[in-house]
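Throughout, a chain's letter reflects where its sequence line sits, starting with A, and its residues are numbered from 1.
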Amino acid sequence: MSNINRRDFLKVLGWSSVAVAVAGCGKTSVESGVETVMSYSQPEDFLVPSIGVYYASTCTQCEANCGVTGRVREGRILKLEGNPESAINLGRLCGLGQAAVQHHYNPDRLKEPLLRQGGGLQPTTWENATALLAEKTGDLKGEQFAFLSGGLSGHLKVLVQNYVDSLGSKNLYFYEALTPAVNQSVSQKLYGTATPRFHLDKAQLIVSFGADFLDTWVSPVHFASQYTQFRKATIDKKRGTLVQIEPRMTLTGANADRWIPIIPGTEGVLALGLVNALLKGGIGVKSLPASVVSAVRAYDKERVNKEAGVSGEVFDKLVALLSERSPSLVLSGLSAEGHAHGAQNAAAIMLLNVVLGNVGKTIDAPTRLPFPQLAAEEGNSVALKRFNDSLAGDKFKVVFIYNANPVYTAPAFMKLRDNLKKSEFKVVFTHYLDETAQEADLVLPLDSALEDWGTHVAAYQPDSIELTMQQPLMEKLYPSGTRSLGDVMLDQLKHRRANEYKDFADYYAYLKSALTRNKGAFSGVSADDETFWNQALMHGVLKVKGQEQSISANVVNLDIAQPAPIGDDQYPFHLVPTVRSGFRDGRHANLPWLQETPDSLTTMVWDSWVEIHPKTAERMGIKEGDILEIASKNGSIKTQAYLFPGVQPDSVAIPLGQGHEAMGRYAKDVGVNPFKLLDPVFDKSTGELAMHATRVKVSRTGASVRVVKEEGWSPIVVNTQQGRKLVSTIAVDKANFSKEV
Amino acid sequence: MNHLNKEKDIREDIAWAQINKDVLRSLEKPRPVYWVLFGLALSMFLVGVGCEIYQYQTGMGVANMNNPHMWGLYIATFIFWIGMSHSGTLLSAILHLMHADWRKPIYRFAEAMTTFSLMTAGLFVMVHLGRLWQFYYALPYPNERWTWPNFQSPLLWDAMAIFTYLTSSIIFLYIGAIPDFAICRDNAKGWRKNFYTILALGWMGTDRQWRNFRITYLTVACFLIPLAVSVHSIVASDFAMSQQPGWHVTSFPPYFVAGALYSGCAAIITLFIVLRYTFRFEEYMTMPILDKVARLTFAIAMVWTYLNLIEFASVWYGHDSYSKDLLIQKATGPYAPFWWTMIVCGSIVPFALAIKKFRSSLTIMFIVSLLLNLGMWLERWMIVAPTYSHGYYPWTWDHFQWPSFVQWGMVFGSFGWFGMLFMIFTKLVPSVSMYEVKEMVYHRTLANKESREA
Amino acid sequence: MNLSRFLCIADQGAARRFAVGLLLLAVGVFGAGAAKADGKVEQPIEFPHNTHAGKMGINCLYCHTYARRSAVSGIPPLQKCMGCHQSIESVKDRPRIKKLFEYWEKKEPIPWKKVHDLPDFVRFSHERHVQRFYFKQERPIQEVCGLCHGDVKSMTVAEKVQPLSMGWCVSCHEQDHRIDNVSAKTSNGPNDCWQCHK
Amino acid sequence: MSTVRILGLFNDFDAASAAILEVREADIPGLNFDDVTIKSPIEHPDVEAVLGDRPVPVQKYTLIGSILGGTLSFFLISSAQGNFFQQLKGGKPIIPLPPNFVLTYEMLILGGVYITVLGFLIAAGLPARVKSSIYTSMISEDQIGVLVKGSAHSIEEVKKIFQKHSVLDIQEEVVA
Amino acid sequence: MSTTYMLRDWTKLRETHPQPSPAGGHAEYKWAMAINLDVCTGCNACSVACYAENNLPVVGKEKYAHGQSMHWMRIERYWNEEDVETPHQGAQFLPMMCQQCEAAPCETVCPVGATNHTPDGLNSQVYNRCVGSRYCSANCPYKVRYFNWYDYPEQEMAWPDPLPMQLNPDLTVRSKGVMEKCTFCVQRLTAAKNTARNEGRTVKDGEVTTACAQACPTQAITFGNMVDPYSQVSEKWRHQQVELHKDVQDKDKSGDSGLRGYRVFEELRSYPSVMYLERVRDTKA
């Protein structure tokens with residue numbers, strides 16, 4: 001299969017000639033001469049009807065960039081599987097990845113460019129659109145232009161970067177609402193790398209402060225496969241123990257041997273408490289400078305108990321575990337870093353790794369990527385703040401927005417919708433008419449991820465660095481309606497830097513030559529360009545020859561000081577905005593499969609809800625399904641109550657991703673959007689928006705509904721096994737793993 | 001046999017000609033009230049039909065069934081109607097073999113009730129199917145698919161048993177009515193003349209005919225009794241053969257049979273009173289007979305109660321925690337109101353029948369009989385629904401499912417359908433068996449003569 | 001024949017033993033129903049199988065090339081037709097061939113109508129049947145295809161000659177077939193519902 | 001010499017049976033006693049006694065019917081289960097006896113009932129045409145009829161006997 | 001030819017099932033599963049994969065509220081009885097799909113024989129044969145059978161254009177009034193078997209797997225052929241000493257063996273083909 005030209009292949013696969021059988025088994029009688037037989041005019045000889053062929057590509061559903069293979073049959077992409085050749089997901093694929101086909105076939109995809117004319121968005125042609133782009137950016141001063149993009153890597157990033165440069169602009173913002181930016185900056189300080197490699201499989205004990213690595217954190221599918229090894233007991237390794245510390249139980253917390261609820265923002269206190277206790281126990285004393293050692297003295301069991309609400313007994317158990325089990329791994333996640341003192345929290349937590357001597361054992365440095373320009377820009381929320389401030393200052397005439405929906409994700413206090421109005425020409429590259437697109441002057445529909453070309457370099461590289469290929473898995477659904485951003489950028493660049501880009505017919509040609517030119521940089525490839533290229537597409541993965549680095553911890557001038565806890569009588573509750581693996585920051589809320597898939601812990605579907613601890617609910621007289629009003633200083637939302645034991649009693653949790661005002665039939669008017677509630681609190685050191693620092697008050701509206709959930713409908717509120725042996729649990733010391741394979 | 005009450009089941013001096021006259025009167029041009037009632041029944045039936053059309057078009061979902069609530073009122077009501085049918089057989093067959101001749105004036109309409117309630121039950125099997133249009137898959141006939149239905153399934157036993165029962169009791173009803181058709185033939189005019197001539201098959205009351213008639217009637221009666229028992233045992237095994245808590249009960253077959261006779265007798269009392277009133281059958285449907293039926297009903301009620309208790313006890317002291325769990329649910333859970341109503345109507349109310357004063361009051365008897373049937377209907381529902389809402393698997397427990405108007409509509413409609421058929425029947429077939437009443441009178445006169453001579 | 005088939009009985013003798021009352025009737029009715037097969041089909045081009053398969057004696061698998069490696073036998077792509085007809089001058093001016101060329105110019109596949117249609121819930125594999133009866137048993141291809149498609153080389157447009165009903169399938173599945181042309185071992189077709197029903 | 005049929009109508013069984021008894025004892029030449037028939041509105045086993053015992057074959061049919069129904073159904077069902085598909089179900093044997101016995105039982109009854117009724121129609125000679133000349137609606141009401149067939153002069157004798165027993169009415173008909 | 005079959009194979013037709021052998025008496029294939037609950041994280045990837053592979057309709061909120069959802073593979077979440085207040089030991093997840101019982105309660109009760117035990121040890125559901133009496137589901141202890149309450153292709157939610165293009169042509173879209181359930185992705189199995197037959201062999205271990213097993217990020221689900229004693233799944237069952245044809249395992253009789261293998265509702269003697277491995281918790285933590 002390596003010797004066929006992929007693009008011709010796509011041409012001959014006119015799926016339009018394929019009759020899709022939606023007919024069910026109702027049809028019992030058949031008669032001749034009614035249905036038409038599918039036949040081709042000029043098929044490739046490898047193409048056999050009724051036999052599926054698999055093509056490798058890259059999953060773009062989240063920043064992990066797992067490798068996928070798509071099953072193509074009769075010219076239609078039917079299903080995605082994990083690509084076994086990718087070291088990231090090893091042939092596995094999460095639900096979010098599976099659902100990518102529904103982005104491709106989504107009934108609400110934009111089928112043609114839209115231009116704002118007389119208030120409304122009217123259909124227009126790509127010719128007009130591109131002409132308009134050139135015109136509007138023609139004699140534009142660099143500082144008047146801004147490009148807001150979601151996380152980006154590979155050659156598309158290069159093109160975008162070059163385009164922005166070609167406009168003489170510095171304003172290229174990479175915005176993502178849910179990246180561990182604070183952690184990264186801290187680990188940059190501490191380990192000298194923003195994205196160290198974690199070896200969960202090597203660890204005997206994992207203590208995670210809100211890092212939901214099984215579901216939503218960094219590279220879930222990879223961590224999941226490591227988790228399997230971590231849990232496995234072998235001759236030379238005991239079954240690993242997982243402790244999760246967080247205000248609201250994440251999926252990782254649900255799988256922990258010990259789940260410890262903690263008051264939001266006090267993770268650092270607990271961490272330092274542990275450091276202190278360990279030092280007292282004579283562990284890692286010489287790993288720390290005296291300054292730090294003295295600094296942590298103040299954090300004893302009592303203080304931890306008082307501030308973090310973690311009982312002494314639990315604390316002792318934890319200390320015992322940490323001192324016994326080695327190597328261990330301590331992780332800091334979103335709920336820990338999402339505070340004004342997020343950096344200090346993260347620092348305090350990572351300090352544990354230093355004390356326990358995990359650095360270099362379960363944590364080491366990633367390979368260095370020879371092409372920094374291809375490296376992933378994960379994005380952060382500082383970008384949004386800067387972007388928004390400049391908009392407010394009326395600095396931008398022309399704004400491009402790609403792969404981001406700031407109007408939806410920006411907190412209410414930013415007033416981004418209004419600020420956006422100030423810029424006179426807003427171009428949104430998107431697949432759907434989402435909230436941001438509705439504000440745009442020009443909406444340019446893009447090819448779906450399964451129709452587009454591209455290269456990706458995942459930010460988190462578990463192994464030697466991989467450059468993963470993205471290739472079309474089927475012919476465009478709307479050949480004349482949608483385009484690849486790559487083509488658009490290239491097209492624009494041709495106007496500005498003709499001499500550089502004139503040789504490239506299109507994005508495909510650009511990619512091909514860009515890769516083939518540097519094929520030396522990849523390990524294990526043949527000399528001949530065509531073969532190399534086809535091999536690359538066939539495997540979907542290119543191993544980059546990068547140089548290994550060593551890791552070392554540097555704790556001097558690491559800011560770990562924890563602020564004193566501040567109460568708030570008017571807004572007694574902490575708001576925990578939880579990330580749902582399906583929806584992330586809401587960009588996937590229009591995928592029916594994900595809406596229909598119950599939330600793993602609450603089993604709720606097709607809606608939003610506020611999680612409140614049964615005790616608290618009892619105190620306030622709240623019953624399941626009561627409509628509550630959750631009010632912060634910056635707004636309020638109304639949604640149904642779900643009594644959830646997995647939430648810290650002083651906190652309420654609301655899942656992110658729902659509450660769209662647009663974005664198609666499956667997302668529109670489903671649930672509420674907690675982004676809007678967030679308080680203007682920013683991490684002091686990085687300026688990141690502190691997602692977990694919002695205080696709210698909760699009140700009953702009197703209304704009540706029957707919640708729509710998957711778990712059984714019985715008067716028993718908390719769903720247990722009712723004495724049946726469905727999920728049986730065994731204590732690790734009772735279990736006999738010796739025979740297991 | 002009348003030592004309990006001096007009153008006689010029937011006057012011996014009643015002239016045979018008079019009997020003909022009285023009964024044939026009931027076949028004559030119906031009174032306006034008949035048409036009112038008929039219209040009512042018809043419109044009830046149409047409601048049911050409407051619901052079925054809606055469900056057929058849209059899918060079973062509109063009945064608001066779900067996983068786990070796979071069956072709803074349809075099956076419950078199906079059992080109810082099957083149960084109804086049994087009393088007819090009881091009166092006509094069992095009492096016939098026992099030579100309890102007081103059954104003679106009332107068995108005919110009881111038989112009719114059997115037939116029609118079976119027809120109604122049949123409807124519910126149909127509307128219950130998700131793919132009604134494919135129902136013939138369940139019929140055992142050689143076909144181009146070379147496939148057969150699954151003879152292991154209690155549902156199939158049901159189908160076959162009910163088919164047997166229905167046809168047999170129609171035949172039984174018809175055979176038993178031939179001499180009366182002859183009477184009608186001899187008295188009717190116009191189209192009715194031809195109609196009855198055909199039905200009467202040229203019956204002339206010759207000794208040869210009577211001789212064979214007697215034997216045949218007896219034989220079929222003998223067949224019907226075990227058949228009736230087996231039919232409801234099989235209906236019971238729909239549940240007993242399954243594995244679900246609350247269904248997998250050994251005592252179900254006798255329990256169901258008792259319940260069936262119970263509801264049947266109650267229904268007979270209801271119809272007895274209705275017919276006696278509408279057709280002025282005081283001469284034939286006399287209070288003493290009603291009294292006997294009532295006492296019979298009471299006896300059966302007590303049997304039913306006993307079997308109920310047995311079931312509870314065996315569950316309570318048994319090892320099956322799931323069933324016990326379910327039993328507690330029934331008594332305390334969301335279904336408790338219905339469950340207790342069933343207990344009251346089924347086991348407490350019948351004590352009214354033990355009291356002579358009540359037995360001799362038509363109004364009270366009427367109300368009681370209706371209550372009993374309500375109780376028996378609830379019994380069936382309480383067998384079907386709670387097992388679903390609180391079965392083996394806690395994850396799918398659904399204590400809040402409630403049948404939609406579609407289900408209720410069809411239950412409602414079924415009563416219309418039954419009423420309709422029965423009203424047609426009363427106008428075409430003499431609802432009191434004339435020749436047997438004559439026999440009754442004849443034999444009692446003889447008996448009296450003998451006793452006087454002795 | 002029909003009788004024993006539909007009573008699912010071994011031989012005529014047994015059939016007679018069984019042929020009582022209603023059954024006989026039913027057999028009559030449904031037997032008739034099953035035996036019937038519907039006739040000709042209007043096709044965009046009246047393809048002469050008799051010429052290709054008959055006169056020319058072309059191997060079925062030459063055009064229906066997918067049959068041996070896929071569930072569907074596949075209608076030959078235009079390419080295939082052109083492969084030969086481009087170079088056959090003699091018939092170039094025939095109306096049918098003209099039509100063919102028109103489609104070729106437009107590069108659009110010919111909308112052939114299904115003749116041997118099966119319900120959507122049936123999973124029939126040409127591959128398996130061809131492999132077993134043609135490659136393993138090495139019977140002549142036209143005989144093998146003919147088992148279901150009838151004597152195609154005598155038809156112009158293909159016609160449905162067999163009922164293709166479930167019973168008909170089974171009538172062959174339940175017979176013992178030699179597993180190949182060398183060993184004497186036999187086996188019958190699968191009787192597992194899920195083999196054919198999807 | 002012509003054969004005649006007469007129907008004598010009596011008010012009650014006593015009269016009727018007395019008349020028949022006398023006819024029987026008189027043993028009139030040209031009159032076959034088996035041709036004496038009673039027509040009555042109700043069942044009357046006691047009265048029939050005077051006619052001597054006459055055959056009732058119905059139950060033979062019953063026997064045949066039930067045996068046929070039973071065996072046939074069992075055989076059919078089992079062989080239907082053992083067909084080519086013979087799918088395992090719930091770990092039970094493909095031909096499970098308890099269900100088959102249940103069905104056999106039902107079919108036994110079905111066969112029994114049907115064939116019995118068939119037998120009844122045959123044995124009772126139904127359906128028949130009602131001859132008005134020797135039948136009267138009074139029979140279906142309350143009178144008992146005695147039907148006698150015999151040579152003309154023997155019938156005369158019978159008539160006399162009937163009159164003696166206060167017959168209500170006599171209908172006569174000449175059969176060839 | 002039934003009569004001859006009946007007379008010839010009488011003894012065979014009287015055999016009960018499963019037979020006392022590792023594969024329960026299956027000749028060529030006995031598909032089975034082992035699910036390790038210690039690594040199952042409850043992430044629902046399997047469930048979504050199942051939607052993608054098996055043409056499952058999305059029913060939407062309103063129908064979901066009526067308990068009419070159609071997920072063949074569902075993830076159940078239970079809480080510990082002891083610490084419902086604060087679940088210190090996390091949640092308990094159970095992936096529950098059709099257990100493909102060797103002696104399935106659903107099979108015997110189906111009036112039309114639409115569900116049977118296949119030679120491959122699966123519990124087949126023949127959609128077109130189904131008349132929708134729903135008796136099978138009524139009798140299913142696991143309640144893993146799903147009924148088409150509506151004509152989903154007609155429902156606005158399920159497949160508006162162009163979503164139907166995603167539908168898998170290897171199996172039907174079930175129409176209204178039909179019962180359906182997990183099939184162990186039988187369309188994949190059939191394909192694999194056909195390939196194997198062409199090559200005159202049986203399917204190799206790992207050659208085919210179900211959508212859920214393939215997707216599972218933690219590889220909690222092992223799928224394979226129990227007839228092959230060296231297949232992963234056989235080994236797992238063997239090492240856990242769980243025997244297909246027993247309703248009480250010997251290891252359980254002899255007290256706590258510490259082996260984690262068990263089957264749900266084993267005591268009901270339905271002999272499920274899915275073995276679960278107990279979830280483990282560290283009591284020191």
Can you tell me if E:Arg201 has over 12 outside heavy atoms packed within less than 6.0 Å of its CZ? yes
For D:Lys149, is the NZ atom crowded, meaning more than 12 foreign heavy atoms sit under 6.0 Å from it? no
E:Glu107 and D:Leu88, any side-chain heavy atoms less than 4.5 Å apart: no
Supply the atom-to-atom distance D:Lys92 NZ to E:Thr108 OG1, rounded to the nearest 0.5 angstrom. 6.0 Å
Report yes if the side chains of D:Gln81 and E:Leu13 come closer than 4.5 Å at any heavy-atom pair, otherwise no. no
Any non-hydrogen side-chain atom of E:Asn116 less than 4.5 Å from a side-chain atom of D:Phe85? no
Would you compute the distance between atom CD of D:Gln87 and atom OG1 of E:Thr115 and round it to the nearest 0.5 angstrom? 10.0 Å
Worked verdict on D:Gln86 versus E:Asp9 for side chain to side chain contact (heavy atoms under 4.5 Å, CB included): CA-CA 11 Å; D:Gln86 43 184 241; E:Asp9 311 340; 4.2 Å; yes
Assert top hit (heavy-atom pairs under 4.5 Å, partner chain D, pool E:Arg14, E:Glu15, E:His117) equals E:Arg14
To the closest 0.5 Å, what do you measure between CD1 (D:Ile77) and CE (E:Met6)? 11.5 Å
Provide the closest heavy-atom pair for E:Trp10 versus D:Ile95 in the form atom of the first, atom of the second, distance. CZ3-CD1, 3.8 Å
Enclosure of E:Arg269 CZ (heavy-atom neighbours >12, cutoff 6.0 Å): no
